[in-house]
There are 2 protein chains.
Amino acid sequence: MAKNKTPTIYDVAQRAGVSITTVSRMLNAPDKVNPETRDRILAAIDALGFVPKAEARARALRQTGRIGVITPFFTAPSFVQRLRGVASVLSKSSYELVIYPVETLDHLQGYLSSIPVMRNLDGLVIMSMAIDPQDAKRLIDNGMQTVLIEYQHPELSSIVIDDFEGGRLVGEHILSKGHRIIGFIGDIEPPERLQIHPVLSRLKGLQSVLEKNNVPLPEAYIRSAPYMQEESKQAARELLGLPQPPTVIFAAADVQALAVLKVAREMGLKVPEQLAVVGFDDIDSADYLDLTTIRQHLDESGKLAVEILLSHIADPSRPPQHVNLPLILIERETA
Amino acid sequence: MAKNKTPTIYDVAQRAGVSITTVSRMLNAPDKVNPETRDRILAAIDALGFVPKAEARARALRQTGRIGVITPFFTAPSFVQRLRGVASVLSKSSYELVIYPVETLDHLQGYLSSIPVMRNLDGLVIMSMAIDPQDAKRLIDNGMQTVLIEYQHPELSSIVIDDFEGGRLVGEHILSKGHRIIGFIGDIEPPERLQIHPVLSRLKGLQSVLEKNNVPLPEAYIRSAPYMQEESKQAARELLGLPQPPTVIFAAADVQALAVLKVAREMGLKVPEQLAVVGFDDIDSADYLDLTTIRQHLDESGKLAVEILLSHIADPSRPPQHVNLPLILIERETA
DNA sequence: GGATACAATGAAAGTGCTTTCAAAAACCTT
DNA sequence: AAGGTTTTTGAAAGCACTTTCATTGTATCC
């Protein structure tokens, strides 16, 4: 047997001693071919394990739909948790989950220009990325059902959280705990590809509360650091090395808060007595570390996104839906 | 314009004043065509509402550009990290990443019976799951390139680690630290769907070292608990409630080790003075918590799997490759 | 026996794309 | 300004089938 290639209609024809025409006809209109010939062809088909490719594909495309998720390269636990939500509802339906990890803006551009046009996706979830109006328009024009997470567009469904409010919640909490010297760590200038600025809003929310209560937050107490562990630790060390170090640090992402906790341990600071820490996201690890943080229902946002998506795929006439997920402060041990 | 037919690439080409080649190229490798031309084509596409037929494309293409990953429903950080490895190499190629989360054995069976026949995948990675000989045969017969992680089959490429050796490493380490009363927590009876028993091997590795050194490990000090946080904590509490509590606990998964650490904190035990903890996996959080653990290069295993897969897709005549990834003990603060 | 009607088949021409290869154009060097 | 690269492009040759159309061999009728 000439193997390792998947058999084509040509192989079948040759083996059955007929032309490809006859094989094709046998497949599409069996009654138009002589029963003897038919049996010969059938035997050849079985022997070769032939499956008409186009048909398989068409069937595959119909029976199992595909939904795509565009996500910043998922190094961050928060994205993972959202994906988990997405997968959990998808695995109950018969949809495949296709992931498009975005590392650079080019990537995103590439996906966005080919996806709507290629039409081999039934729906799309775009996580934490700004998309420009032109791309949005193309999605809409091509009837690609899309749900945005952490970004908005009037004509596309979206799920957002109120980052400003989150910052406020943190501000109120730490003030109520009596803190007056406050440090902030966050990735204020996020990677260009994202083009969204949740961290800045969180900071502003914090600032608004502090101002209202006449608690200062000098420039020196605000450090911008990327999500990486090392950079975050460095930022924490700088903050704690200040002549008058903060008694609480608000890290705008849990992963960064974890880094702060690690520094605190290194320096032998008792948490929360000598240093309180508040995070943002409520990733899984936050619970393990007893980190006080803002829960933004990451799993839920993923689930919801897909549910909205599926309902819109089922009935494309539904208007876009805009959901604002509530935030709550989870008080644990670190603040 | 002859309309009422759905537009083809020819119509687009004509309208944009270029050849079909250029249109096709624009669709598949946008960066290889002049931006001006690109805009013209894009405009034509938009104007005509052109949609490339997936079927035709697959036909001409002879490959699908999709690689699939079958993974236990990815709630566990360790799977996530492997996926990260997978995605990192995939995003450099032009393959789509399709994820098949497995929740039940039925799921797996469904995937395994349709995937090879459907032929809409160029390659497959199967993580941490046993596949029976029949399914393996089907994959092989249909020429589906496959890489197994944490499971072996003589005719399929695979990536494994030596769990027994990992257990040994832990045993030697804790003995060298002077511990003589040892506790073990692990998911010894894993979910039926997995049908693989890495945890048992880890335990056996540990036991082999202990025996050799005449250190006892009574039944009561071995607790089986599923990966969930609550169950793991409960197991830890039981262990620590023993008349003679262990001075070190080896948790066969980092997530469980984190739960142990949490219990220790609850009980006010100093780590590692009063209770040492060793994990297994070296997930991201392990670093944040300074957990002493066995590193099994999760990211790397994912990367490697895809690299092997891609090389086999490129040249299907290559023989299956069996890789044994080395384990090392990472000594941090907890033991 | 000759004309007519079919049934069964294959050669070859699509189908809507991708890809290879080579030519043309634009850009650098020295 | 001559030569060498690189970038853009299109003609044409696939891909795995489906369809059209012409050819053959019979069966049927008068």
Side-chain angles (χ1 to χ4, degrees), chain A residues 2 4-42 44-45 48-61 110 113-115 117-120, chain B residues 1-42 44-45 48-66 93-96 117-120 122 142-143 313-314:
Chain A
N4 83 12
K5 278 279 91 179
T6 81
T8 74
I9 196 174
Y10 289 88
D11 302 319
V12 175
Q14 185 173 352
R15 192 182 172 109
V18 297
S19 75
I20 59 163
T21 310
T22 308
V23 177
S24 173
R25 196 158 13 224
M26 141 88 231
L27 257 18
N28 297 289
D31 49 304
K32 282 199 160 42
V33 18
N34 184 307
E36 280 172 37
T37 320
R38 185 158 58 201
D39 289 346
R40 260 204 343 275
I41 296 176
L42 235 29
I45 285 179
L48 294 170
F50 166 75
V51 174
K53 211 177 179 184
E55 213 177 282
R57 183 163 178 101
R59 199 177 21 175
L61 252 32
S113 51
S114 75
I115 283 176
V117 156
M118 281 310 184
R119 261 298 188 307
N120 50 6
Chain B
M1 53 217 85
K3 79 222 63 203
N4 84 9
K5 281 276 92 182
T6 78
T8 74
I9 199 174
Y10 291 89
D11 302 321
V12 174
Q14 186 174 352
R15 189 178 231 266
V18 297
S19 74
I20 59 161
T21 311
T22 308
V23 177
S24 172
R25 194 157 15 220
M26 143 83 228
L27 257 18
N28 296 289
D31 49 305
K32 281 199 159 41
V33 17
N34 186 308
E36 279 171 39
T37 319
R38 185 158 58 202
D39 289 346
R40 253 195 358 268
I41 297 175
L42 236 28
I45 286 178
L48 294 170
F50 164 73
V51 173
K53 287 192 91 175
E55 203 184 295
R57 177 165 201 273
R59 197 187 316 142
L61 208 50
R62 133 224 255 135
Q63 55 158 31
T64 63
R66 296 151 36 90
S93 72
S94 64
Y95 282 92
E96 276 181 7
V117 169
M118 284 308 186
R119 275 225 177 22
N120 50 9
D122 294 328
N142 284 285
I313 289 171

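Each chain gets a letter, A, B and so on, in the order its sequence line appears, and its residues count up from 1. Computed from heavy atoms alone, side chains included, the values below leave out hydrogens, waters and symmetry copies.
Going from atom CD of B:Glu36 over to atom P of C:dA26 covers 11 Å, rounded to whole Å. Taking atom CD1 of A:Ile41 as the reference point, atom C1' of C:dG10 lies 12 Å away to the nearest angstrom. A straight line from CD of A:Gln14 to P of C:dA11 spans 13 Å, rounded to a whole angstrom. At whole-Å resolution of the value, CG in A:Leu48 and P in D:dA16 are 15 Å apart.
Remark: side-chain polar atoms of B:Asp39 are not paired, donor with acceptor, to backbone N or O of B:Glu36 under 3.5 angstrom.
To the nearest 0.5 Å, atom CZ of residue B:Arg38 and atom CD1 of residue B:Ile45 are 11.5 Å apart. One finds the CD1 atom of A:Ile9 at 9.0 Å from the CD1 atom of A:Ile41 (value rounded to the nearest 0.5 Å).
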Could you walk me through whether A:Val33 and A:Val18 pass the side-chain contact (heavy atoms from CB on, under 4.5 Å) test, one step at a time?
-> CA-CA 11 Å; A:Val33 18; A:Val18 297; over 6 Å; no
Apply side-chain contact (heavy atoms from CB on, under 4.5 Å) to A:Met26 and A:Thr37, showing your working.
-> CA-CA 9 Å; A:Met26 141 88 231; A:Thr37 320; over 6 Å; no
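The minimum heavy-atom distance linking B:Ala13 with B:Ser19 is given by the pair CB-C, 3.7 Å. For the residue pair A:Gly17 and A:Arg40, the shortest heavy atom distance occurs at O-NH2, 4.1 Å.
With the end axes of the helix from C:dG1-D:dC30 to C:dT30-D:dA1 each set by five pairs, the angle from one to the other reads 30° at 10° resolution.
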Given protein heavy atoms under 4.0 Å, the one-letter contact record of nucleotides 7-12 of chain D, with B base, S sugar-phosphate only and - none, is simply -SBBBB
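For a distance-only test at 3.5 Å, the side chain of B:Tyr10 qualifies as a donor-acceptor partner of the base of C:dC17.
Within 4.0 Å of B:Ser24, counting heavy atoms only, lies at least one base atom of the nucleic acid.
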